Structure formats: structure tokens, C-alpha cells
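Predicted model, so just to flag it, every value in this text is computed and none were measured.
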Amino acid sequence: MPKAQGPMPNDAPSSALIDKCVHCGFCLPTCPTYLLWGEEMDSPRGRIYLMKAGIEGRAEMTASFVEHFDRCLGCLACVTACPSGVQYAPLIEKQRADIEHRHDRSVIDGMFRSVLMAVVPYPWRMRLAMLPLLVLGPVLRRIIRPPQTAASGRGASRPAATGGGWWRRLTAAIALAPPVTWRSLIDSVPEHTPAVGSERLKVALLAGCVQRLSFGKVNHATVRVLAAEGCGVHAPAGQGCCGALPLHAGRIDQARTLARHNIEVFEAAGVDRIAVNAAGCGSAMKDYGELFADDPAWAARAKAIAGKVRDVTELLVELGEQRAIRRPLTARVVYHDACHLAHGQGVRAEPRSLLQGIPGIELLTPAESEICCGSAGIYNLVQPEPAAQLGARKVRHLAALSPDMIATANPGCTLQIAAAARGIGHDWPIFHPIELIDASIHGVDPLAGRR
């Protein structure tokens with residue numbers, strides 16, 4: 001069935017937001033794709049120009065037009081760099097929504113994206129999809145090599161318009177897949193965990209999609225740390241995907257459907273705060289007000305829930321004086337800024353201050369810390385070649401600091417960095433900051449069980 005030819009009235013980029021861009025170019029050196037290829041239309045400034053041309057009818061939604069937006073990671077480094085305060089997140093999200101409403105993708109590209117969006121945001125479907133990895137995962141990772149990292153920098157070759165054929169995308173998915181165990185697929189945090197001592201806050205935990213299935217230890221550590229610091233923690237059993245992945249992929253109607261469900265679930269929980277330990281999820285939930293701005297029935301409810309959302313490191317700093325004693329952990333730790341935490345939420349100091357509060361940790365920051373690792377939601381699956389280039393670039397900077405371990409606050413970054421590191425012969429342990437805080441509070445070795 002042909003796609004609609006006109007822009008959707010509320011899901012096209014805002015002319016008012018577009019017009020805030022003064023074309024100064026401060027965004028260019030922070031944009032990963034501009035760093036890779038040096039192409040104006042693969043920069044935020046160029047993409048905003050294309051958005052404006054599309055709205056004004058000066059550019060048609062051809063495959064070439066769409067390609068420039070598909071290549072955008074949506075990392076939001078440009079937001080941090082912009083002196084004019086251009087809010088790129090709603091621009092790229094609405095542009096991608098407009099593309100999905102109006103553009104006919106190739107059969108392979110469309111099917112691949114549809115399968116991802118039909119599986120990944122739904123934990124039970126994701127469990128079923130991950131079952132083969134219980135047996136085949138280690139074997140496949142030995143046989144199938146990840147996408148090769150071609151030379152990067154200005155003038156480097158760009159990927160095909162579809163981001164690579166199905167085989168490249170499949171090999172990328174296998175290379176990025178986390179280790180899977182029966183326990184990881186069925187494990188979950190308790191629905192209610194009381195505070196240690198008097199209760200300071202009642203907090204709900206977003207369990208996440210990939211997080212709950214592949215990084216359940218992060219959720220357990222989050223619950224233990226919050227409880228130790230005086231929070232009663234609730235993990236509502238009825239919660240689902242927050243909508244971040246569909247939102248960032250242009251499936252805005254699906255994102256709203258998922259978000260409405262979680263808004264209802266967290267309203268019913270009656271909590272003071274909602275703790276999130278995945279950067280992309282936190283960024284999306286904090287923007288629920290924008291997502292439902294044109295929906296009178298949901299706008300106020302969405303804004304109220306968004307106002308309660310905190311990254312877990314942000315929440316711990318907000319609590320103030322620490323109750324739980326931190327015990328020493330001796331390690332050189334390189335902290336990697338997840339883009340949707342640093343650029344999307346402006347949370348940079350909090351995870352660093354919490355890690356620096358652990359005796360014995362030497363905290364290090366790599367070169368190009370503001371540049372994306374190449375994960376970016378489903379980007380490393382639909383654009384595997386540039387994602388691999390960015391991953392290799394990131395791990396070279398990490399390796400230069402000779403770390404004992406890496407800390408980062410997003411599951412996608414963890415998978416991307418681990419895969420890129422294996423490509424250059426490194427197997428660093430990668431932790432969420434909350435796992436190191438939990439190990440310090442309880443006096444355990446964070447590497448126990450990983451050796």
C-alpha cells in the first residue's frame with residue numbers, strides 16, 4: 001500500500017525549532033558522521049537544512065534524502081555544542097516519524113526494521129528470540145566475524161543507502177549479542193524491596209527491555225543500592241518498554257502506545273521518583289511531555305510522569321548525604337559517557353562523583369569522550385559499517401588509558417564497546433556505575449564470577 005504523500009500534521013519537524021539554527025557550524029566537529037565522512041549533509045547543520053527544504057517543498061523524500069537521516073546516530077552531541085540552543089532531539093525524531101509515514105523502504109530494509117520493532121521492545125518476544133543463543137551464541141561468535149572497520153575520517157567511503165545487506169546486519173547482530181543464560185532470561189528483581197532504615201523516598205524502577213534480559217545484574221544492583229540509601233523500591237510487574245527504541249527509529253505511534261501503558265503503570269505505583277539505569281530510556285521518558293504535547297488527554301499525565309524520572313546516578317546525588325559506607329575497590333576505571341545520558345539528559349558530573357567517592361578507584365576519561373561509540377539504539381544493527389568504525393575509534397581511545405575496567409550507564413554502549421574491544425584483542429570487564437557502587441557498599445569483588 002503506498003505511503004501518504006503529505007507530512008503528518010503533528011509528526012513533522014517544527015519550523016520554529018528549525019529556524020533556531022543559525023548555521024554557525026559549532027556542531028560539525030562533534031558529529032560522528034561528519035567526522036567519518038566530512039559531508040555537509042551528514043552533519044546536524046546539513047540535516048536541518050534538508051528538513052527545512054522538505055517542509056518548504058524544495059526537496060522530495062527520495063532514497064538519497066532519507067539516507068542522510070538514516071545515517072544520523074541521534075547521539076545529540078550537537079545539542080551540547082550548539083550555542084543557539086537548537087533542540088535536535090524532537091527534530092530528528094519527528095523527521096524520522098515523517099519518513100516512516102511517507103517513505104517506501106526497500107523490502108529487505110523495511111522487513112529488518114519491522115522485525116526489530118516487533119521483537120526488541122517486547123520482553124517475552126525478546127526472550128523467545130534469544131533462546132537459540134543459549135546453545136549457538138558462543139559458536140556463532142567464533143565463526144562469524146563482525147563488520148570490518150574501513151578507514152575513517154574525511155573522504156572515507158560511506159555505506160550503501162540501505163546500511164548494508166541482510167548478511168552484514170545479521171553478522172552485526174550476532175557480534176553484538178550478549179552472553180545468554182537460562183537465569184538471565186527468567187530472572188527478575190523483587191516487586192517490592194523495603195528501605196534499609198527509615199524510608200527517604202518511594203522509588204519505582206524501570207526494568208527495561210534489553211536491560212532486564214541481558215543485564216539483570218544491573219537491575220539487582222540498582223535495587224540494593226537504592227534500598228541501602230533509604231529508598232523503598234518498587235518494580236511494577238506490569239511495566240513494559242518505555243518506547244525509546246521505537247521513538248528513536250521513527251515508529252512514533254508505537255512509541256506512544258508503549259509510553260501510555262507505562263504512564264498508567266507508574267501512576268498506579270504512586271511513587272516519588274522513577275529510577276532509570278539505561279540512558280536511552282531515561283532520555284525518552286524525560287521527554288514524554290514533548291511526545292504527548294499535542295494530545296490533550298495525555299499531555300498533563302505524561303508531563304507529570306516525566307517530572308519524576310531520574311537516572312539512578314542523578315537520584316543518588318539528589319538524595320544527599322550517603323547512608324551506606326563505601327569500601328575500597330582498587331582499579332583504573334575509564335568512564336564512558338553514554339550519549340543519551342551526557343547529551344540527552346545533561347548528566348555528566350553525577351556518575352563521576354559517585355565513582356570518585358569509592359576509595360581506591362582511579363577514574364579516567366578518554367579522548368573524544370563526547371563522540372558516540374556507535375551503538376545509538378538500533379543504529380549498530382541497521383548501519384553496521386559506520387557503527388563498527390565508531391566502535392573501533394572509541395576502543396582505541398579507551399585502550400590508550402590501560403584500564404582495568406570500563407564503566408558506562410547504557411546497555412547498548414556496553415554491548416557495542418565489548419564487541420569493538422574483542423575486535424582489537426581486549427576483553428575488559430564493563431560495568432554500570434551502579435554495579436561498582438553496589439560492590440563497594442557490600443565489600444565484594446565486582447570481578448567475582450566474571451573471571
Side-chain angles (χ1 to χ4, degrees), residues 12-56 58-59 65 67-96 152-156 158 248 279-280 282-284 286-287 290 311 335-352 365-377 379 383 386-387 389-391 393-394 396-397 408-410 413:
S14 161
S15 294
L17 291 181
I18 286 173
D19 289 341
K20 291 196 71 173
C21 178
V22 297
H23 312 290
C24 66
F26 277 74
C27 58
L28 300 186
T30 70
C31 175
T33 51
Y34 187 79
L35 290 179
L36 289 180
W37 306 311
E39 292 283 347
E40 176 69 19
M41 292 306 164
D42 286 317
S43 74
R45 182 173 68 181
R47 292 180 178 115
I48 289 173
Y49 177 85
L50 284 176
M51 292 178 198
K52 186 176 181 68
I55 288 174
E56 294 176 350
R58 295 182 288 109
F65 178 96
E67 178 183 10
H68 294 295
F69 296 103
D70 284 351
R71 288 175 179 164
C72 175
L73 292 99
C75 68
L76 308 183
C78 52
V79 174
T80 298
C82 181
S84 301
V86 175
Q87 294 303 303
Y88 187 74
L91 287 176
I92 188 63
E93 287 164 4
K94 293 295 182 71
Q95 180 62 55
R96 284 179 166 160
S152 62
R154 295 190 181 189
R158 292 177 294 170
H248 298 154
S283 180
K286 286 181 178 180
D287 283 342
E290 169 69 26
D311 182 74
Y335 178 71
H336 162 71
D337 283 287
C339 292
H340 276 85
L341 191 60
H343 304 307
Q345 302 179 57
V347 176
R348 297 178 182 82
E350 292 87 344
R352 287 180 168 84
T365 298
E368 293 191 345
S369 62
E370 76 284 1
I371 302 299
C372 185
C373 67
S375 172
Y379 188 87
Q383 296 283 335
Q389 291 176 31
L390 291 168
R393 184 174 184 138
K394 178 63 67 175
R396 285 196 295 269
H397 290 309
T408 190
N410 195 55
C413 298

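- Side-chain contact between Arg47 and Asp42: present, with at least one pair of heavy atoms (C-beta onward) separated by less than 4.5 Å.
- Annotation: side chain of Phe26 is not in contact with side chain of Ser84 (no heavy-atom distance under 4.5 Å).
- Inter-residue side-chain proximity for Ile55 and Pro13 is flagged as met; some heavy-atom pair is nearer than 4.5 Å.
- A search for side chain to side chain donor-acceptor pair (under 3.5 Å) contacts involving Lys20 returns nothing, not counting sequence neighbours.
- At least one side-chain heavy atom of Phe69 sits less than 4.5 Å from a side-chain heavy atom of Met51.
- Distance check, rounded to the nearest 0.5 Å: CZ of Arg393 to CG of Leu35 gives 5.0 Å.
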For this session: Report the C-alpha separation of Lys94 and Glu290 in whole Å, then their side-chain angles, then the decisive distance to 0.1 Å, and conclude whether the side-chain contact (heavy atoms from CB on, under 4.5 Å) test is met.
Result: CA-CA 11 Å; Lys94 293 295 182 71; Glu290 169 69 26; 4.0 Å; yes

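- Under a 3.5 Å cut-off, the side chain of Ser43 and the backbone N or O of Leu28 do not form any donor-acceptor pair.
- Arg58 forms a cation-pi arrangement with Tyr49, by the criterion of a distance under 6.0 Å to the ring centre and an angle within 45° of the ring axis.
- When every heavy atom of Tyr88 is checked against every heavy atom of Leu76, the shortest pair comes out as CD2-CD2, 4.1 Å.
- The shortest non-hydrogen separation linking Ala338 to Asn410 is CB-CB, 3.7 Å.
- Contact annotation: the side chain of Cys27 never approaches that of Tyr34 to less than 4.5 Å [non-hydrogen atoms, C-beta and beyond].
- Side-chain contact check for Thr80 versus Glu370: every heavy-atom pair is 4.5 Å or farther apart.
- Between Gln389 and Leu36 the shortest side-chain heavy-atom distance falls below 4.5 Å.
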For this session: Test side-chain contact (heavy atoms from CB on, under 4.5 Å) on Gln345 and Asp311 and set out the steps.
Result: CA-CA 9 Å; Gln345 302 179 57; Asp311 182 74; 4.1 Å; yes

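- Across Leu73 and Cys372, no two heavy atoms sit closer than the pair CD2-SG, 3.6 Å.
- A search for salt bridge (charged side-chain N to carboxylate O under 4.0 Å, His left out) contacts involving Arg352 returns Asp337, not counting sequence neighbours.
- Residues meeting the side-chain contact (heavy atoms from CB on, under 4.5 Å) test with Arg96, sequence neighbours left out: Cys72, Ile92.
- Between the CZ atom of Arg348 and the OG1 atom of Thr365 there is a distance of 12.0 Å, given to the nearest 0.5 Å.
- When every heavy atom of Ala409 is checked against every heavy atom of Leu341, the shortest pair comes out as CB-CD2, 3.7 Å.
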Problem set entry | Derivation of the side-chain contact (heavy atoms from CB on, under 4.5 Å) call for Thr33 and Gln383 | CA-CA 11 Å; Thr33 51; Gln383 296 283 335; over 6 Å; no

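- Between Pro32 and Cys75, some side-chain heavy-atom pair lies under the 4.5 Å cut-off.
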